[in-house]
Amino acid sequence: MTRRRFTLAEVLVAVMVIGLLVPIALRALMIDSRLDQQAAQRQEAAGLADFKLRALLVTGDWRDAESSGDFGDDYPGYTWELQTDDWTEGDITLRLLQLTVRGPGGADRTAVTLTTLAPESEEL
């Protein structure tokens with residue numbers, strides 16, 4: 001019984017195919033890792049936006065607080081910006097609050113915007 005061995009041409013073709021596929025696979029892994037990091041930052045930004053908007057609403061600080069800031073040393077690189085505008089429906093006038101939180105680097109890919117309505121006065 002004779003054993004079949006690979007020829008030099010077959011080995012060279014196999015090495016060439018592996019040489020082409022490895023960079024493609026590594027690039028795909030790098031893209032996946034970057035997208036995973038962006039998704040985690042966006043999720044963190046969404047949680048921070050929810051927390052900040054609720055805090056501004058409960059305390060009423062949205063009326064006279066600063067319109068932008070950061071989250072300190074606990075969340076480095078995350079910033080927030082509050083925009084307010086009038087919102088009217090018939091006899092009802094409310095304030096439209098729009099809070100945007102951006103992740104590290106201020107990239108729009110990690111930005112989250114939450115919007116809500118609030119009464120103009122403290123009395124409901």
Side-chain angles (χ1 to χ4, degrees):
M1 187 190 255
T2 60
R3 292 178 55 175
R4 186 178 183 295
R5 297 181 182 178
F6 293 107
T7 64
L8 179 60
E10 291 171 329
V11 171
L12 289 176
V13 168
V15 168
M16 187 175 68
V17 168
I18 289 172
L20 291 173
L21 293 179
V22 167
I24 293 170
L26 289 176
R27 176 78 174 144
L29 288 173
M30 287 173 41
I31 290 171
D32 181 58
S33 174
R34 188 173 339 123
L35 290 175
D36 187 44
Q37 181 182 15
Q38 287 175 0
Q41 289 174 346
R42 188 173 173 90
Q43 185 175 6
E44 189 74 47
L48 290 170
D50 182 52
F51 176 79
K52 184 66 177 178
L53 187 57
R54 288 175 190 252
L56 289 169
L57 283 169
V58 168
T59 62
D61 286 346
W62 62 269
R63 289 181 184 88
D64 54 3
E66 295 180 22
S67 61
S68 63
D70 60 30
F71 294 94
D73 294 335
D74 293 336
Y75 299 96
Y78 287 88
T79 60
W80 62 271
E81 180 181 352
L82 178 67
Q83 296 177 340
T84 62
D85 198 8
D86 290 329
W87 184 87
T88 306
E89 181 69 32
D91 305 3
I92 302 170
T93 300
L94 298 171
R95 293 297 288 177
L96 177 71
L97 307 180
Q98 189 171 27
L99 183 81
T100 301
V101 173
R102 287 184 172 72
D108 283 339
R109 290 182 298 275
T110 60
V112 175
T113 301
L114 298 181
T115 305
T116 192
L117 295 170
E120 186 65 45
S121 65
E122 293 185 25
E123 298 136 15
L124 296 175

Flag, side chain of Ser68 to backbone of Glu81, donor-acceptor distance under 3.5 Å: no
With a cut-off of 3.5 Å and sequence neighbours excluded, list every side-chain donor-acceptor pair involving residues 23-37.
none

Under 3.5 Å donor-acceptor pairs involving side-chain atoms of residues 50-60, not counting sequence neighbours:
unit_1 : atom_1 : unit_2 : atom_2 : d
Asp50  : OD1    : Arg54  : NE     : 3.0
Asp50  : OD2    : Arg54  : NE     : 3.1
Thr59  : OG1    : Ala55  : O      : 2.7
Thr59  : OG1    : Asp61  : N      : 3.2
Thr59  : OG1    : Asp61  : OD2    : 3.1

Minimum heavy-atom distance between Pro76 and Pro104, given as atom pair plus value: O-CG, 4.1 Å
Polar side-chain atom of Arg42 near backbone of Ala111 as donor-acceptor pair, under 3.5 Å: yes
Distance in Å, Thr113 OG1 paired with Gln83 CD, rounded so as to fall on 0.5 Å steps: 8.5 Å
Output side-chain donor-acceptor pairs under 3.5 Å for residues 86-97, partner residues at least two apart or in another chain, one line each.
unit_1 : atom_1 : unit_2 : atom_2 : d
Asp86  : OD1    : Arg95  : NH1    : 2.4
Arg95  : NH2    : Thr84  : OG1    : 2.8

Heavy-atom side-chain contact between Asp70 and Trp80 under 4.5 Å: no
Greater than 12 external heavy atoms within 6.0 Å of Gln43's CD: no
Exercise: identify the closest heavy-atom pair between Arg109 and Gln38: NE-NE2, 2.9 Å
Close side-chain approach of Arg102 to Tyr78, heavy-atom, < 4.5 Å: no
Phe71 and Val101: CA distance, side-chain angles, deciding distance, side chain to side chain contact (heavy atoms under 4.5 Å, CB included) verdict: CA-CA 10 Å; Phe71 294 94; Val101 173; 4.0 Å; yes
Spacing of Trp62 atom CH2 and Asp64 atom CG [to the nearest 0.5 Å]: 9.5 Å
